[in-house]
Number of protein chains: 2
Amino acid sequence: MGNTACFTKYLADRGLKSTRQRELISATFMAINDHTSAEELYLRVAKEEPDVGLATVYRTLKLLCSAGLAREHRFGNSSSRYEPLSIKQHHDHLICTKCGYVEEFEHPKIEKLQDEIAASLGFEVMTHKLELYGLCRKCQP
Amino acid sequence: MGNTACFTKYLADRGLKSTRQRELISATFMAINDHTSAEELYLRVAKEEPDVGLATVYRTLKLLCSAGLAREHRFGNSSSRYEPLSIKQHHDHLICTKCGYVEEFEHPKIEKLQDEIAASLGFEVMTHKLELYGLCRKCQP
DNA sequence: TGGTATTTTGATAATGGTTATCATTACCAA
DNA sequence: TTGGTAATGATAACCATTATCAAAATACCA
Ligand SMILES: [Zn+2]
Ligand SMILES: [Zn+2]
Ligand SMILES: [Zn+2]
Ligand SMILES: [Zn+2]
């Protein structure tokens, strides 16, 4: 099932309505292959449909997160950024503190160790965030 | 060198002044063995010295972070919490999404793997954050 | 021990991302 | 269609944090 269908089903399953705005915001978001802010998404959507409100973009992003189709990040002390999750598998982030460049990675052994640690402490882990902050190749002295 | 002396030295080293407020805020903060908000710290300090301003608490927390004596966290979407770092070694966090309980852990193998991954991607890591979100023993169904 | 340049402070206004409000509009099952 | 409910857009409100600025405190030197 594709991203759009998945979102539509999520809405239908809990009696929420499928609207023009939600479809457009969702589709625009899914097409962005990056970590996007609500404002940026709003501007992109506005090009297509100038009457869409910023509040609806925020509301839809929240829905997409609940549906497991988006993930929210707050790197450092910056404001929220969102990324599509439908196709990409889980991954973590390396953030350059100088130029802001974000690189993604995934390491099965780290994932496994996390689960083991949590289990040993009696926790049942649902999600996690691993963020490495430093200097990318270009920004190193 | 103790925490207080360490902070005093940090200030002296860069021509900053050692004030009654900074000493009190720093000492009160160091005595808290928990993850504290600026507001909470402000209230504790105010009991001792009612004339200290909230802005100064924020400013001093920022200094303590720069000095490597405190660490700032934003678990989930909540506001900033700070923890003393002087004595405790580096550690990561398990957060219960239901009751808010925070447990600390440290795992050398994960730390090592992080460095290896970063190195393989050309990054030089300065700090990192690993947060595991889930349900603690008490909150599991 | 003053004197003085500089930093720090406290009160408060401003900021800015996000959320709440509410009248109007859109959706959809019957 | 229609009626009941949910969603929307504009904007006000929120609230943690930061900026501002006049007054006070500090460090250093004569
Ligand atoms: Zn960089
Ligand atoms: Zn990502
Ligand atoms: Zn719990
Ligand atoms: Zn901790």
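Just so you know, these numbers come straight off a predicted model, no measurement behind them. Chain identifiers are assigned alphabetically (A, B, ...) following the order of the sequence lines, protein sequences preceding nucleic acid strands; residue numbering begins at 1 within each chain.
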[X] [atom1] to [N] [atom2]: how many Å, rounded?
| X | N | atom1 | atom2 | answer |
| --- | --- | --- | --- | --- |
| A:Leu63 | D:dA7 | CG | P | 8 Å |
| B:Tyr58 | C:dG10 | OH | C1' | 15 Å |
| A:Glu23 | D:dT8 | CD | C1' | 15 Å |
| A:Glu39 | C:dT19 | CD | P | 14 Å |
| A:Lys62 | C:dG17 | NZ | C1' | 12 Å |
| B:Arg14 | C:dT6 | CZ | C1' | 18 Å |
| B:Glu49 | D:dA25 | CD | C1' | 13 Å |
| A:Leu54 | C:dG16 | CG | P | 15 Å |

Base, sugar-phosphate, or nothing for A:Ser37, non-hydrogen atoms under 4.0 angstrom? nothing
Straight-line distance of [X] [atom1] to [Y] [atom2], nearest 0.5 Å:
| X | Y | atom1 | atom2 | value |
| --- | --- | --- | --- | --- |
| A:His35 | A:Ile95 | NE2 | CD1 | 8.5 Å |
| A:Leu63 | A:Leu16 | CG | CG | 6.5 Å |
| B:Asp92 | A:Ile117 | CG | CD1 | 8.0 Å |

Between the protein and nucleotides 2-5 of chain D, are there any N/O to N/O pairs under 3.5 Å, and if so, what are the atom names and distances?
from: D:dT5; atom 1: O2; to: A:Lys17; atom 2: NZ; distance (Å): 2.7

What bend angle does the helix from C:dT1-D:dA30 to C:dA30-D:dT1 show across its length, from five-pair end axes and to the nearest 10 degrees? 30°
Taking atom CZ of B:Arg71 as the centre, report whether more than 12 heavy atoms of other residues, nucleotides or ligands fall under 6.0 Å from it. yes
In terms of heavy-atom contacts, does CD of A:Glu106 have more than 12 from other residues, nucleotides or ligands at under 6.0 Å? yes
Let me spell it out: for each of A:Leu16 and A:Arg81, pick the nucleotide of DNA chain C with the closest heavy atom. Which residue's pick is nearer the 5' end? A:Arg81
Take B:Thr60 and A:Arg20, find for each the nucleotide of DNA chain C with the closest heavy atom, and name the residue whose nucleotide sits nearer the 5' end. B:Thr60
Would you call B:Lys129 and A:Glu131 a salt bridge, taking side-chain N to carboxylate O under 4.0 Å as the test? no
Is any NZ, NE, NH1 or NH2 atom of the basic residue among B:Glu116 and B:Lys112 found under 4.0 Å from an Asp or Glu carboxylate oxygen of the other? yes
So, is B:Thr56 close to the C:dG10 phosphate, meaning a side-chain N or O under 4.0 Å from OP1 or OP2? yes
Measuring to OP1 and OP2 of D:dT8, would you say a side-chain N or O of A:Thr19 lies under 4.0 angstrom away? yes
When you get a sec, tell me which of [options] is the closest nucleotide to the side chain of [X]?
| X | options | value |
| --- | --- | --- |
| A:Gln21 | C:dA20, D:dT8, C:dT8 | D:dT8 |
| A:Ser80 | C:dT9, C:dT18, D:dA7 | C:dT18 |
| A:Ser79 | D:dT8, C:dG17, D:dG9 | C:dG17 |

Counting only N and O atoms by type, is there a donor-acceptor contact under 3.5 Å from the side chain of A:Gln140 to the main-chain atoms of A:Leu135? yes
Any donor and acceptor pair, going by atom type alone, linking the side chain of B:Tyr133 with main-chain N or O of B:Gly76 inside 3.5 Å? yes
N/O donor-acceptor pair, side chain B:Arg59 with base C:dG10, under 3.5 angstrom: yes
Going by heavy atoms in the side chains, are A:Leu64 and A:Leu85 under 4.5 Å from each other? no
